[in-house]
Amino acid sequence: MELIGIKYCGGCNPLIDRPGLVREIEKLLHPDLRLVTDMTSSPWEIGILVCGCPIACADKPDVRDIFKRWIRVGGPTVDLEFIQENKMAAVIVEKIDLLQTKR
């Protein structure tokens, strides 16, 4: 089973439902993949930085070091591209699939 790391921001100004997004991602993931927030298993192959607003304050160099490859959610954006909230989980899972094939 492959682990995919989840790193949340502090949640001070969420424009999206961060936990709801992660639940939707879990539903769409391949059964061989599992989301984790336990930092002791780092560095992760793939990580998702889940920030509630476009400022994405948790996007810092020390956080980037946790992930070998990562997907950045900042409010209504995924990797700086605006995505409707109801489509974000599917876009993120597609990105995970692409990152896995690039290994």
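FYI, the numbering just counts along the sequence from 1. A quick note: this is a predicted structure, and the numbers were derived from the prediction, not measured.
- A salt bridge links R69 and E45; the closest N-O separation between the charged side-chain nitrogens and carboxylate oxygens is under 4.0 Å.
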From CA spacing to verdict: side-chain contact (heavy atoms from CB on, under 4.5 Å), L49, I71: CA-CA 6 Å; L49 182 62; I71 299 164; over 6 Å; no

Show me the side-chain donor-acceptor pairs of residues 75-92 shorter than 3.5 Å, one per line, residues at least two apart or across chains.
residue: T77; atom: OG1; partner: G74; partner atom: O; Å: 2.7
residue: D79; atom: OD1; partner: R72; partner atom: N; Å: 2.8
residue: D79; atom: OD2; partner: K95; partner atom: NZ; Å: 3.2
residue: E85; atom: OE2; partner: D17; partner atom: N; Å: 2.9

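- Heavy atoms from other residues, nucleotides or ligands lying under 6.0 Å from CZ of R34 number 12 at most.
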Please assess L29 against I96 for the test side-chain contact (heavy atoms from CB on, under 4.5 Å), listing each intermediate value before the final yes or no. CA-CA 9 Å; L29 277 179; I96 290 168; 3.8 Å; yes

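- Applying the salt bridge (charged side-chain N to carboxylate O under 4.0 Å, His left out) rule to K27 yields the partners E24; only residues at least two apart in sequence or on another chain are considered.
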side-chain contact (heavy atoms from CB on, under 4.5 Å), that's the test. Do Q100 and E2 meet it? Break it down for me. CA-CA 10 Å; Q100 287 187 302; E2 183 174 341; 2.9 Å; yes

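- Note that CG of L21 is 5.5 Å distant from CD1 of I16, once rounded to the nearest 0.5 Å.
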Can I get a per-line list of side-chain donor-acceptor pairs under 3.5 Å for residues 3-15, giving both atom names and the distance, sequence neighbours left out?
none

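- With rounding to the nearest 0.5 Å, the separation of CD1 in I48 from OG1 in T37 is 12.0 Å.
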